[in-house]
Structures are given as C-alpha cells and as structure tokens.
Engineer: 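So that we are looking at the same thing, I have put the structure below in structure tokens.
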Amino acid sequence: MQKIILVMINLPVKTINKAFSYLLPPELQFIRAGWRVLVPFGSRKVEGFVVSTDSGNGDGLKYIIEALDDLPWFDENMLQTAKWISDYYLCSLAEAMRLFIPGKTGLKTSLAYQLCPDLSCNEIEAALAGKSDQYLAACEYLAGHGSASLPQIYKQLTGDCLKTLNYLVNKKIVVKKYSTVKQDKPKYETFLKLAITPAEAEQLLRVSGHRPARRRLLTALLSKGVLAKADLKLLNISQDTVKRSLAGGLIVAEQKRLLRNSYAGLAHEAGAIRLNQQQQQVLQQIMPAVVNRQYRSFLLHGITGSGKTQVYLEVVAAVRKKRRQAIVLVPEIALTSQIVARFQTRFNDDVVVLHSKLSIDERNDAIWRLRTGQAGIVIGARSAVFAPLDDLGAVIIDEEHEFTYKQEEAPRYHAREVALKRAELAEGVVLMGSATPSVESYYQAVRHTHTLLELPDRADGASLPEVELVDMREELRCGRRSVISLALRNLINAAIARGEQVIILLNRRGYSTFVMCRECGHVMSCSNCAVSLVYHKSGRLRCHYCQTSVTPPDVCPVCSSRYIRYFGTGTQRLEDELAKTFPTARMIRMDQDTTGGKLGHDRILQAFAQGNYDILLGTQMVAKGHDIKNVTAVGIITADSILNLPDFRAAERTFALITQAAGRAGRGAVSGKVVIQTYNPEHYAIETGSRHAYADFYEQELSLRQSLFYPPFSKITKLTVTAPEEGEVHRSAADIAAALTSALASSDSTKILGPFVAPIARISNSFRMHILIKSVENAPVRLQLSLLKLHLRADVSIDVDPVNVM
DNA sequence: AGCACGCCGACT
DNA sequence: GTCGGCGTGCTC
C-alpha cells in the first residue's frame, strides 16, 4: 500500500476529464489536495492540480516532479467551488480549476530545436545526400547557435522551415527540446540589514577608526534600519564594501518582492461621505450576517444615483474589521473606474485591482499581495470571483443584471452564481446591487431566496430626469427624415447653450450598418460568417464577428448593377450628422473602435468629465457606471435596436438600457432631461422605462415569462452543434435532439426546442445549429447530457443558463 | 494540447 | 519502395 496522489492535468481539452495517479518522492511528502505541481504526462511535463490523495498499489506510476508554489493554491472552499462549476456547467474539473489560475496556467512551455550531439558533420552530410541545401543550411544554423526556437529559425532561413525540421527530427539529426518556465516571474530587490545588534554596531564604530565606507554603511543602517541599492549609490558605498561586510557577518541581504501596479497613480476623490437614512436602514439589515459570519444573499434595488456604492463601502469595511476578505465585482473595469477609485480612496493599499487586461506579471503580483495578506479587498471583472482568499467574508456584485458576468466561452460560468456558491461555502454574504435587477434575481428576492433591499430615492435629493418619448413614425410623417428628431435637436441645443453636457447613445458602431444592392436586394455579407458587413469610415466593409474586412465593390457581385447603397446609421455616421447639425459643439465618440488598451474608456470619460467636450456619443458603453454632474441631457437614438432581437430577454435588456442611460442625466444640481426615439412608444419595456417604473416592468415581464415557460419559471440549457458542412450539422443536430427527446421525454416539465439554424448560421466557416432545452429543474437535463457524453464532444458546446438564446 | 501509431495516395 | 498527408487514441 502506497500513498497515491490524484492530479487533474491543466490542459484545455475537455476530453481529459479524469484524474491521473502519481507518487510522491520523499522530498515532496508535504503535498496534499490543492497544490499545483509539475508532472510527467506522456513525453512532456505539464502543470497539474492535486485534487485528492488515495492509497493503493502504486506499481508503474510516475512521480510528481515538483511543487509549483510554496503553498497550496486551492483551499477546501476553492476546490469545492471548482467541483461545483464542473458539475453545473458540464466542464472538466481541470477546466474549472484553471479559472482560479491567473493566466489559466502557471507554466509557459517553449520549444527549441537542437542538433543531435553525438553526430559528426560527415554523418549529417551523408544522411542528407541528395537533399536540397535547405536541410544543410538548417543544420549549420543549429550547429552555430546550439539551439533555436521556431520563430528564430524562420527569421534565418527561407522556405517551409517546419517541414524541414520535421524531416530532420524524423531522421534523428535534430531533437526537439521542451522547457517549462514558471509564468510567475516575481521581481525582487535586495535590501541590506544589520546582522548584529545595534549595540554591537555602535561598539564596532567606536573601535575601528579606519574603513570609512564601512563606517558610512553601519551608520546609515543604524539610523535607517534597511538600505536599498539606490541608497548605497547615494552614500558612495561600493559593492566590495557590501561583500566584505556580508562575509564578515556584519550585515545580511534580504530579498523583497517588488510589485508592478499600473493603477498606482490613479486619481483619488475626496474622503468618505456620511450615509443618509435610507442607506443606514439598508446597511442595518446586512450587518447582522456580516458580524455573525452567516451566509446570506441580498439584492439591493437602488435607482441610479441612490448611493449603492456607499453601502458597498460600509459592508466591505465591516468585513475587513472582522479580518475577513472581500471581493467586489464590477461588470467591466474600464467602464467603472469611478467605483475603483472610491474603494482605493477608502481602503488605500488594502485594495487590489484584477482584470483581464492586466499583464500576467501585474496579475501575479496582485494575487501575491492577496495571498500574503498585504491586501484584503479584490475589485475586478467577473474573473475576480476566483481570487484566492482564505476567508471570504463578502462578495459585492455591482450592476448585478449585466450580461458581462456570464463567460461566453467554455466554461460558461456566471460570476453571480459562482459568487453565491463560494460565499455559501465560506459563510460570507453576497450583496448584489442594481437599478434594474435581472428578472431572475428579483424573482428570487421576492421569493425570499435573497433578501430584498430598496433605495428608492436619489442620495443627494436630486430628482430622476424627465423623459420624453419621440415616435419616429410621427417624425417621418411630419417630413423630418434626420436620425436626430426635432425634440432631441432642441434638447441638445438648449443644453449646449447653457454650457451643460449631452450624452447620445446609439447601439451600433461603424458608419452604415449594411450595404445593399438596390437592383437585386443583395446585402454584402461576410464570406466566413453569415452576417452582413458594416461600412466603416475608413472606406472598408468590416465583419464584426471575425474582424476581416474587404473593400466595398463598385458593382453588385450578384447582378453587376452599379446601384449600391449604404443603409442604416452607426456611431461614425451619427458623429457626422451631429457635426453638421451642431457645428460649434465639441464632440467625442466612444465605441469599440475608439477605445483600445488599458485605459482607453477612462481617458475618454475623463476628458468628457473635465468639460473638454459638449457631446459624448457612443454605443451602450456610454450608458454605464459614470457620474458626471454637468450632464443634463441624454438622447437615445433608437431604443428599439435591442428590442427587436429574437431573444426572450430583449425587453429586459431594453428596459435596463433605457433606465441606465436616462440615469446618467441630472446627477448634479440641475435636473436632467432625456429624449428616447423609438418606433414602438407603446411597448411596455419602453413605456415603463420612460417612467423609471421597475415594478411595473417586472410585473408585465413576469407574467409573459410564465405564460411562455421562460426563466425564472424554467431553466434553459442551450446546445450549439457545429460542423464544417451544412448537411452534416443538420444531421448531427437532429440526432442529438432525438436522443435528448427520448431521454428526457418531453412533458410539462421539459420542453425541447429545435434544432434550428442559429441566427448567425455560420461563423468562421463553421455551420451552427441550436437546440434549447427548457425545464423546471436543470439537474436532470445536465445528468442526461453527461450520460449521452455530449459534454465531451468537440462539435457540441453546452451553455447552462445562457444569457442569450440566439 | 502534443505525440505516436497507422493506413492511404504520390513521388524519386 | 519512401515520404508525408492527417484521422484516432492515449497520456498516471
């Protein structure tokens, strides 16, 4: 009987979803569940996660090579959470565990080619006799350089290097060498400290008259305690002096880790504000759970500008007072720098910012600060829910309704659900906040799964903006064909005249949204994806799905007609229109095309907030998170753009967008006004949105959901089947649907819809079909899916609780 | 994911 | 006959 270690292999392949057994060498006996290790796997060395230990016959098992950290990465709660994710979202345990690793892997493998050492030049030449010069050139290059990576070789040689090298590897002239390097490359700085007592040092200074450099060193250490490299230069103390003092045992060198943090210089706002009475009442309901270390979940429904952040700050402060840690989730860090700044102002270095745009090094440093207890608050986008914290006291989820909390690639987790699971295991609280809670969460709050808290008024006594609905059909009837209605034009003019600022929202980027032949109706579409191409001002037609672009044709590719027209308005065209209508206004556009890099959104918003512009126009990102006091006017160009999407949550999204956008207006002393342009003014989502009437919207939406058996009354699981051929995808999707139907026996509690061709039938030359399963409970569905082994298939992707069904 | 193994068509 | 194409299956 031997101790056996069960390891999940960190490779992004869903078919390897089992544990592999290894033995521990004597020097690694301390390894238990939760450690990251390096293990031999096939002919390679890969990263693995220890999930459990066992005992049994260990014959023929390989040994773990080394531990990758000084501490286990996963604690029991993290392991349990990973297990839950793999069960619930039907991914492998390794895929779930990878989520907890910054950069998904702690190892970087690199490949180098080397000449076989035991071969002579003559032997090589003989083996390559009759081959082209290419082969000999490669050997010569490798002989000269010892080893080289593939990119290096490509730079040096011409032709198909990979083919050449593979041949040489086959002929045993060249060998491939893999090396694995730890991803985490901490930066250290050396600090010097006294190794003797201060009394001894003073004694030494008294007796040794000579050695002025050593005197300076000891004196400085006595007064300052520690010295860094830069200090030594300043004091004119040479490396030699340091070396001798080290050797003599007078001083010791210590390595201290340096932290790279690109957020260090972010501006801070003024100090804490006192809570108003409503905020106090809300806080009092949350506090008992924080103090008593209980798992409780709260849904804070607070209108825009009601001061939800203030409540978050107080909850986090209370959690920290209990010496527990907190996670603060925000939908998108770039759009929410205001909330980040407020946490940093309040908690200073206790805050760590985590998100996907950080470099691997920055991320590792941040995580190291958490693991060593130097910081106890994580603020970040959805992946921050996986931060390694040993005593999670609270998770705050700001803008709980946002879809960005759902990961749209496997594993398709929802950060809100992961947060609830982690907090439950850790006995912490979850506080979700939103002005427009998701129907599902609000339903759970009404049913007391979450505790419902309300902040019905704006914190500073400001009123919600007045909203005017403009019927665009009416505009057309009056002969006004501009995308900017008369009401909106008046609103913008008035605001600018008073020196106030305007935000305009249009949910499509690009210039024209589609290009059509007026002769035959052919719409230019992407050759890889079944979506229409968008005309950009750069003069090219771009696919918003696969990023390819083409030059617009002069004649229609189908009928050769020259009558090609550009339809629809995107943000670029709107910018032109606004410039024509308001020639003196200073404008800035914010969409995916103008924001790039780490702080792109932030710069635009800051410049706007500082008053450098009169009008901010852009896609829905202009509607989120910020609080700019001088904005008194908001215009929504087409409120219907989302409403008409074929998705049962279209109304919910429209309502949220209108409410959030309108909420940007009138946050200062001057009250705001909003113009919403629509072709459906009587639609309940738009009508309730214009009245800021969440409860009314919720009620109408809920009854619709009930009658159509949609969430929260059912759980949805979406399958996407793909194939390179159209016929093939129809066949395999039909097979899967048939198998599911017989396994789940369609009844009142389960409905299988489809297969139907996906709204985007083809992406990057892969044909797509969807199957939707609606069921009261999704546990039996998940069970059947795994029994049918659909979760292992490369051509099937499973989305549990999808945020959109398209 | 890599890599070995294996079975086919296209050439010296 | 060799080379190299990629489909299948395995990695403790």
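Throughout, a chain's letter reflects where its sequence line sits, starting with A, and its residues are numbered from 1.
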Engineer: Give every pair of a protein N or O atom and an N or O atom of nucleotides 9-12 of chain C that lie under 3.5 Å apart, one pair per line with the distance.
Structural biologist:
from, atom 1, to, atom 2, distance (Å)
C:dT11, O3', A:Gly42, N, 3.0
C:dC12, OP1, A:Pro40, O, 3.4
C:dC12, OP1, A:Gly42, N, 3.3
C:dC12, OP2, A:Lys62, NZ, 2.3
C:dC12, O3', A:Ser21, O, 2.9
C:dC12, O3', A:Lys62, N, 2.8
C:dC12, O2, A:Ser21, N, 2.4
C:dC12, O2, A:Ser21, OG, 3.3
C:dC12, N4, A:Lys18, NZ, 2.8

Engineer: So, using side chain to side chain contact (heavy atoms under 4.5 Å, CB included) as the criterion, who are the partners of A:Gln80 when residues are at least two apart?
Structural biologist: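 Partners of A:Gln80 under the side chain to side chain contact (heavy atoms under 4.5 Å, CB included) test: A:Glu76, A:Leu425.
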
Engineer: For a 4.0 angstrom threshold against heavy atoms of chain A, report the outermost contacting nucleotides of DNA chain B in 5' to 3' order.
Structural biologist: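 Endpoints of the contacted stretch of DNA chain B: B:dA1 to B:dC3.
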
Engineer: By the side chain to side chain donor-acceptor pair (under 3.5 Å) test, which pairs, at least two apart or in different chains, include something from residues 720-740 of chain A?
Structural biologist: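 Of all non-adjacent pairs touching residues 720-740 of chain A, those that pass side chain to side chain donor-acceptor pair (under 3.5 Å) are A:Thr720-A:His770.
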
Engineer: Sequence neighbours left out, what passes side chain to side chain contact (heavy atoms under 4.5 Å, CB included) with A:Lys14? Give chain and number order.
Structural biologist: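 A:Lys14 satisfies side chain to side chain contact (heavy atoms under 4.5 Å, CB included) with A:Glu95 once adjacent residues are dropped.
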
Engineer: Tell me, please, which residues at least two apart from A:Asp87 pass side chain to side chain contact (heavy atoms under 4.5 Å, CB included).
Structural biologist: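 Testing A:Asp87 for side chain to side chain contact (heavy atoms under 4.5 Å, CB included), a comparison that skips the adjacent residues, returns A:Lys83.
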
Engineer: According to side-chain hydrogen bond (donor to acceptor under 3.5 Å, both in side chains), who are the partners of A:His791, at least two apart in sequence or on a separate chain?
Structural biologist: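 Result, side-chain hydrogen bond (donor to acceptor under 3.5 Å, both in side chains) vs A:His791: none returned.
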
Engineer: Tell me which pairs pass side chain to side chain donor-acceptor pair (under 3.5 Å) where either residue lies in residues 60-73 of chain A, with sequence neighbours left out.
Structural biologist: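 Qualifying pairs, neighbours excluded: A:Arg36-A:Asp69.
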
Engineer: Considering residues at least two apart in sequence or located in another chain, which fulfil the side chain to side chain contact (heavy atoms under 4.5 Å, CB included) criterion with A:Leu787?
Structural biologist: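 Once residues adjacent in sequence are excluded, the partners of A:Leu787 under the side chain to side chain contact (heavy atoms under 4.5 Å, CB included) criterion are A:Leu783, A:Gln784.
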
